[in-house]
Amino acid sequence: MPRAIIDDADGTLALLRQSATQFAARHDGPSGLRSKRAQESDIDRQTWTAMAEAGWTGLLLPESLGGAGLGLGEQAVLSEALGYALVAEPLALVCVPAAILLANAPPSPERTRLAAGLASGDRVVVPAWQDPTITIGRDAAGLVLNGDLRFVDGARSATDFLLVVAGVEGAMLLSVPADQPGLSVLSRPGVDGAAISSLSFSACRVATDRVLDRRDSREMLLRGPLLQARLALAAELAGIACGALDRTVDYSKTRVQFGKPIASFQAIQHRLVEMWMDAELACAALVRAVERLSAGDGQEAHLAVLAAKARAGDAAVSIGRRAVHLHGAMGYTDECAIGLYLKRALNLSAAFGQPESLRLEFVARERAA
Amino acid sequence: MPRAIIDDADGTLALLRQSATQFAARHDGPSGLRSKRAQESDIDRQTWTAMAEAGWTGLLLPESLGGAGLGLGEQAVLSEALGYALVAEPLALVCVPAAILLANAPPSPERTRLAAGLASGDRVVVPAWQDPTITIGRDAAGLVLNGDLRFVDGARSATDFLLVVAGVEGAMLLSVPADQPGLSVLSRPGVDGAAISSLSFSACRVATDRVLDRRDSREMLLRGPLLQARLALAAELAGIACGALDRTVDYSKTRVQFGKPIASFQAIQHRLVEMWMDAELACAALVRAVERLSAGDGQEAHLAVLAAKARAGDAAVSIGRRAVHLHGAMGYTDECAIGLYLKRALNLSAAFGQPESLRLEFVARERAA
Amino acid sequence: MAEDCNALSDEAFRRLFRDWVQANCPPHLRNMRKQRPLFGEVADWYRALAQKGWLAPTWPKEHGGMGLTPAKHIIYVEEWGRLGCPRIPDHGIGLVGPLLIQYGTPEQKAHYLPRILSGEDVWCQGYSEPNAGSDLASLRTAAVREGDVFIVNGQKIWTTLAHGANWMFVLVRTDRTAKVRQNGISVLLLDLKSPGVRIRPIANLRGETDFCEVFLDDVRVPAENLVGELDRGWTVAKSVLGHERIFLGAPTRPEYALGRLERLAEARGAFADRAFVSRYARLRLDVYDLASAFERFANVLRRGGELGADVSMLKILATELYQRITEEMLTIAGEEARFADDLEAGNEQIDAMNLFLDSRAPAIFGGANEIQKNILAKAVLGLPG
Amino acid sequence: MAEDCNALSDEAFRRLFRDWVQANCPPHLRNMRKQRPLFGEVADWYRALAQKGWLAPTWPKEHGGMGLTPAKHIIYVEEWGRLGCPRIPDHGIGLVGPLLIQYGTPEQKAHYLPRILSGEDVWCQGYSEPNAGSDLASLRTAAVREGDVFIVNGQKIWTTLAHGANWMFVLVRTDRTAKVRQNGISVLLLDLKSPGVRIRPIANLRGETDFCEVFLDDVRVPAENLVGELDRGWTVAKSVLGHERIFLGAPTRPEYALGRLERLAEARGAFADRAFVSRYARLRLDVYDLASAFERFANVLRRGGELGADVSMLKILATELYQRITEEMLTIAGEEARFADDLEAGNEQIDAMNLFLDSRAPAIFGGANEIQKNILAKAVLGLPG
C-alpha cells in the first residue's frame, strides 16, 4: 500500500508505474527468479529485450546517446514498481551505473556504440568496479590487465564490461568485450537465485581506444554512478518492502486459525502496522533522496541517498523476515513467493553498501562537514 | 512472580525471604524513598537500625567479627526480597563491600571496631573507591590525603569511610572518620531520591594505624568486594524487576478500558509475557552467579557475576520503562510507586558498572582466557 | 501588522518569523527546562506575540489570527521549536478558539476570543476522567439541565495546567440513555472560579505539576455556555484537531534530544568509540527519516489535501524515537546516569535524566501508541475485527 | 551393554557418552549441513546406537531403552548437540515409542517397538493440516469405522520426512459432532504403503525437502491400529512430550550458531571493531543467560519435579536468539551476504546464509511463538480471556 509519492505534475510517473505493473503481469517475477536459480543465470534475455523495448535499459541515458533521457524520478518509480512485483532483472544493479558511466564519459565512437547497444538491448553492458586487485601494465598493443574484480551482476550475460580501475596513470573507465582472451568469469549463486560473478584478468590485453574516460581517482568516476545506482536500489528495495507487506496483509486476512482470520488478532495487527510504518519510512526516505539528488549531487544529496538505501534495505529485509514468519509454515516453503521477497531483499540490501556501513558513512560525512 | 530459585536444603533462605517480606510491611519502601528525596538524605537511620537488629548490615561478616556469618545465597535472597518491596537502604551498595573489605583485611583493633559497629548498626561504615584522584603524602603524623573519590553511597550518614586508594607505596585500605578535618562531603540527588556523594580531601591527615590492609594494587583489594557487591546489586535489581512486573500485572487486571481489563488485550498480554521472561532471565542469571561465586572466585564466577549484574540491570530498567507505560497516565505521576521502581532501577543499574560496560568486560575477559 | 504571511515564499516567511522571534522572545525563556510553564512565567512572550498579531496562527484574520495556510503553519511551528521558544498555555488558542469559531454562537465568539488573545482568559481542557483515558467515550461526568443552568458533577483528570487556568472547556455526559457511548456527550464552557470546583495539581515523574485533577460538585454552568448542539459534543470535540494532528509527530522533540546527545557525546569523547557511533548512527538516521516522513504528510497539506488516519504513524515513531535517544544519553553517562540532576558537558549542562523522564509522557498521552496502532490497523490496513 | 547409566555421576555419564560417540559416530556425519537427514543417510549411526542399546534414551529398559532419568537425558541431548551428531529420524523413538509404551496394547508394543529399534520401521507424525497449524484442534482428516477397518480421508501437511518413512502416526477426527473441538479425535497407526496414500515432498527455503504433504484417499487402516481410546486421541497426543518440552528451548542451536559467528568474525578481523564487539557481547550474554535459564528448568527435573507451562519461555528465547545471531553473521559478511553459498573463513566454510534461513523455521514450528505467548499469558500470568 505505501508508495513513493513524487511530484508528478504531468502524470508521466503514473503512466510509467502503470506500464511497469502491466509488464509484471506478463513477466512473472517469482517465476523469473526460480528459473534463474535453475539455470544458474543472471539475466533473462527475453525479459531483458522486452525491457529494452520499453526504453528501460537506457532510461537514464541522454536521448543523444539513444536513451530515453528520463530522470531520477522516473528511475525510482520504475525500480520501485518492479521491486514490488519482484521482477528481478538487474536494471538498478547494471543499467543505472552503466548509463551514468557512459553519459559522464567524453564523446567517442566506443561510447556511442555501447550506449546504443545498452539502450536497444542488443548489448548487455555490465559495470565492474568492486574490490579491485587489478594491476594495469602496458605493451605495444595497449594495456595489459591482471587481477580481479568482484560482485559483478549480469556478468554471465554480458557482451561488454565497463571496468573502473586505477593504475599509476590514474583512474580510467575501460570497455572490455566479454569474450576477450585473458578474461574469465567465475560465478556463485546469489541468495535469490541470480548468479553473481567475479572477473579474473590474466594478461588480458585491451586496446587503448577502449579507454572511455580518465579521472584522477576511481572515486571521481564512481561518484555519480554509485549515487544513482544506490538510489535505484533504494527504490527497488522500497518496492520489495511494500510488495512483501501487501502480500502479508492479504494473507493474514484470509488465513483462518481459531475460527478467525489471523489479521483479527491484536498482536498480528500491531506487527503488521509496524511493518507498514517501516515501509512508509522507506518510501519517505526514497522521496527525499530523489528530490535532493535531482537538485544536485552535493552533500545534501549524498546524505539523502545514503539514508534512503540504508532505510530501504533494512525495511525490505526486516519486513521480509516478519512476512515469512506471519505466513507460518507456508512462509518457510520454497513454493511460497514470500520467501523470494526476503531473499531478494537480502541480496539488494547487501549490494553496493549494507545498511550498517551506509549509516556509518552518513555520520562520518555529516560530521566531517 | 519470578524468583531466584536457590538450593535451600534446610529452609534458611525461605525463612530469610519471609522476614524480609515482613520487614517491608513495616518499613514501606516507596515512602522511604520519598522521604529521602525530601530530606536529601541517603540512609534512614531508623530503618537502618532495624536492619542491623535483623543481622543484615553484617550479614556477610564472619561471626568472629560480630557478623551473621552468612553467605552469598542469603545475601542474594535478602537483597532480592528488599528490591522487590523497594526497601532501598544501601545494603548492597554499602554493607556488602564494607563487610568483604573488612573480612579480607588482616586482624587489627581498628578492623575489629569497625566490623562490630557495622554489624550492630552503631556505626555506618561506608566504602569509597570510585574515580580516585587521590594523592597520598606523608608527614610526621602519618598520611596526608589530597583529591577526590566519587559515587559514594551513604556518605551523608557515614560515621567512617573505608578508602581504597593507591600511592607510590602501593594500594591500601584506610579508615577515615567522617568528621576528620580536611574531609568534605558534596552530595547530589540520585535519580531515585537518595543522595550520592563525592568525598573531597584537602590535606586530610590520617594516622598510620588506620591503614587496615595493603596490597600491590587497588584491583587486588577490590576484587572480592566488587564481585560480591555486584552480585548483591544483581539480586536487588532482579527483585526490583519482579516487583515492577507483579505490580503491573495486578494493575492490568484491574484497569478497565473499552469495557475490559487491559490485561485481556493480546498486545498487552504479549508485552507482559515479554517482561516476565526478562525477569525470569534475570533470576536465572542471578542463580548461576550465586552458584559460581559460592564455588570460588575464579573466571567462572567473574563471568557469571558480570552476566547477572548486566542482565538484572537491563531487566529492571526495561521492565520499569514498560511498567510505567502500561500504567498509562497514572504511571507518569509521582504518586504512583511504579515510577519509583523505574528510578531505583536506573540508579542501581548504573551503579558499579552499567550493563553495556559489564558485557564488554565479560567478552574481554572470556576472550583473553 | 499588515504582513500577508501567506503571500510570502516559504523561505521568506521562515526568515521573517525567525528574525522576529530572535528579537522578541526573551532569552531566559529560550530552551526552558520546564515543558509546560504557567501563564505567569511566559506572559511577556505571550503578550509580545499578541501585540504582533502572531499569537493565533490558524485563526482567521477577522478574529485576530494570522490565518496561516497549513504549509505556513508548519513553518511557524518548526521555527518555534528550533528556536527553543517556550510553550505557552495554548488550549485557548489551539482548541477553544477554533471550536468557537466553528461551532460558537456570535455572542460566544465576541466574548471569548478577544479574552484569549489578551491573556485575560487562560483555558484548560477537561476531557480525560479516571476511568476514561484512552477510552474517552466512557466518560461519566454528568451535566443535568435545570432551568437556565447545567448542574455538573464528576471528576476530570490529567487536566493540563488547570491550576493556572480560569476557564475549562469540558466534555460532559448529558444523556445517559444513549446506546452508542459516543452519543449523549456535550461540550460546556466552565468558569473555574465557580463554586463547587476544586483543583488538585498532580506531580509527575519529573517532579513538576503539569496536570491536575478537577473535582466538580454541583457546579452551575449557564446554559448559554453550551457549545454546538446538545448531545453532539463528541463530534465537536473530535473535529478540532484537523491538520494539527501532524504536530503530534513532529520531529522537533527527537531533533532537540539528539542535539543534546551529540553535545554530551562530544564532551565525553564518545564519538571516538565506534560502538557508540554505530548506535548513534541508527538514531541519527531515524531522526533524519522521521523528518522525511513528516515532509510526506506536510506535502499533503501543502497541496491542499487533508490528512488521513495514517498520520498517526508519525506520533508513534516520534515518541518512541525520543525515548530511545534519551536512553542512549544514559548509556554514555555511565555511572553518572545515577543522578537526578544535570550532567556537565564542557561549559553546558545536559539534562539527560530530565529528558529521559520527560520522554515517557508523549507515548502515553494524546492516545497511547497501542491505541494508535489499533486505529492504523483498521483505518489504513483494513484489518478485521 | 550392562552399564547402569543412571547410577553414574553426571560427569561420569557425560564422559562415557562423549567418549563412545567420539569413537562411534562416523566423522563425515558430524556437523552435517542438513538438519534433517533421511534414514538412509544416517543408517550407520542409527544402527551403532541401536547395537549399543543407546538409541532410545527414555524408553524403559525392558523395551530396549536406556531408561534414563530426565537429568541424564539432558546430558545425553546436550552432548549429542555439542559433538555435532546428526539428527536421526526420531519420531519412532521420541514419539511413537513412548505413546505405545503408555497407551499401546501388548500386541502393539510387541510388534512395533522392536521394529523401531532395528530401523525396520521409520515413522513420521501426521498432526498438522492445511487449516490446522497453530490451531491443531481444528483438524478435519476423518476416519470412519467400517467393520474391522477405519476408512481415512483427508490431508496432512508439514509431515517431517514422510518421504523417508513407512509408517505414520496420525491424528484423525472420529466424531464430527463433538461440541468441544478437542474431543472426537483419535490416534491411528497408518502404514504408508497402503493404497490411497500419496506423499508430496515440499522444498523449504533452504532448498531441502524436510517435510511433505500426505494425501489420504479412502485409506484402510485396521481397527487394531487404534492407539488408546476412541475419540480420546487429543489427550494421547498431548501427553507425550512431558519433560522433553525442555529441549525445544535448549541453548544448543544458538550456541552452535554463535560459535560459527565467532569463527567468521575472527577470520574477518571483526573483533577489532568495537561496534561489532558491542553487538556480539549482547548476543554472547543472551546465549549465556539462556543456558542459565535452561538450567533453571533442568534443575526442576533433576529434583524430580515436573515442568509447567513456563518452560515455553525457553523456546521463545532460543528461537529468537538463533535468528538474531544469524542476522549478525550477515551483517559482518558485508557485500558477501548476497551469496547463497558458504563463506570462507580461514580454512573453514561458514554456512551463514544456510543458518539464517534455517533459523526462520523454529520460531514457526512446534507452536509459533505468538501461540506460546498466549499460553504463557494465561497459564503463568493468569491474564484474563
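Values in this document were obtained by computation on a predicted structure and should not be read as measured data. A note on names: the letters A, B, ... follow the listed sequences, proteins ahead of strands, and every chain is numbered from 1.
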Between [X] and chain B, with a heavy-atom cut-off of 4.5 Å, which part of the residue counts as in contact: side chain, backbone, both or neither?
| X | answer |
| --- | --- |
| C:T331 | both |
| C:D358 | both |
| C:Q323 | neither |
| C:I371 | side chain |
| C:A137 | neither |

Just verifying a value: how many Å separate [X] [atom1] and [Y] [atom2], rounded to the nearest 0.5 Å?
| X | Y | atom1 | atom2 | answer |
| --- | --- | --- | --- | --- |
| C:L205 | B:E335 | CG | CD | 11.0 Å |
| B:H327 | C:I364 | NE2 | CD1 | 10.5 Å |
| B:K260 | C:D135 | NZ | CG | 11.5 Å |
| B:H325 | C:T319 | NE2 | OG1 | 8.0 Å |

(message) Among C:S138, C:G133, C:A368, which residue has the highest count of heavy-atom pairs closer than 4.5 Å to chain B?
(response)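 Among the listed options, the one with the most contacts to chain B is C:G133.
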(request) Name the option with the most non-hydrogen atom pairs under 4.5 Å to chain B; the candidates are C:R206, C:R181, C:R338. (result) C:R338
Answer yes or no: is there a side-chain heavy-atom contact under 4.5 Å between [X] and [Y]?
| X | Y | value |
| --- | --- | --- |
| C:I202 | B:T333 | yes |
| C:F339 | B:V191 | no |
| B:F258 | C:N374 | no |

(request) Check whether B:R37 gets within reach of chain C through its side chain, its backbone, both or neither, counting any heavy atom under 4.5 Å. (result) neither
(message) If I measure from the heavy atoms of chain C, does B:Q257 come under 4.5 Å with its side chain, its backbone, both, or neither?
(response) both
(request) Evaluate whether atom CZ of C:R200 has more than 12 neighbouring non-hydrogen atoms of other residues, nucleotides or ligands under 6.0 angstrom away. (result)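 Yes.
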(message) Could you check whether B:Q354 and C:E335, counting side-chain N and O atoms only, form a donor-acceptor pair closer than 3.5 Å?
(response)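 The criterion, which ignores hydrogens and geometry beyond distance, is not satisfied for B:Q354 and C:E335.
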(message) Heavy atom to heavy atom, less than 4.5 Å: which residues from residues 88-96 of chain B reach chain C?
(response) B:L93
(message) Report, in residue-number order, which members of residues 340-351 of chain B are under 4.5 Å from chain C by heavy-atom distance.
(response)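 Counting heavy atoms that sit under 4.5 Å from chain C, the residues of residues 340-351 of chain B involved are B:L342, B:K343, B:L346, B:N347, B:A350, B:A351.
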(message) Can you confirm if the NZ or CZ of C:R360 lies within 45° of the ring axis of B:Y332 and under 6.0 Å from the centre of its six-membered ring?
(response)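 Ring-cation test returns no.
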(request) Would you please name every residue forming a side chain to side chain contact (heavy atoms under 4.5 Å, CB included) with C:L283, sequence neighbours left out? (result)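 Here the qualifying residues are C:L258, C:L261, C:L321, C:R324, C:I325, C:E328.
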(message) Using every non-hydrogen atom in the two residues, find where B:R188 and C:D341 come nearest and quote the distance to one decimal.
(response)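 Smallest interatomic distance, heavy atoms only, reads NH2-OD1, 2.9 Å.
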(request) Report the residues that fulfil ring-ring contact (aromatic ring centres under 6.0 Å, His included) with C:F271, sequence neighbours left out, ordered by chain and then residue number. (result) C:F276, C:Y280
(message) Apply side chain to side chain contact (heavy atoms under 4.5 Å, CB included) to residues C:E370 and B:R271 and explain how you reach the verdict.
(response) CA-CA 11 Å; C:E370 289 76 12; B:R271 189 91 61 98; 2.3 Å; yes
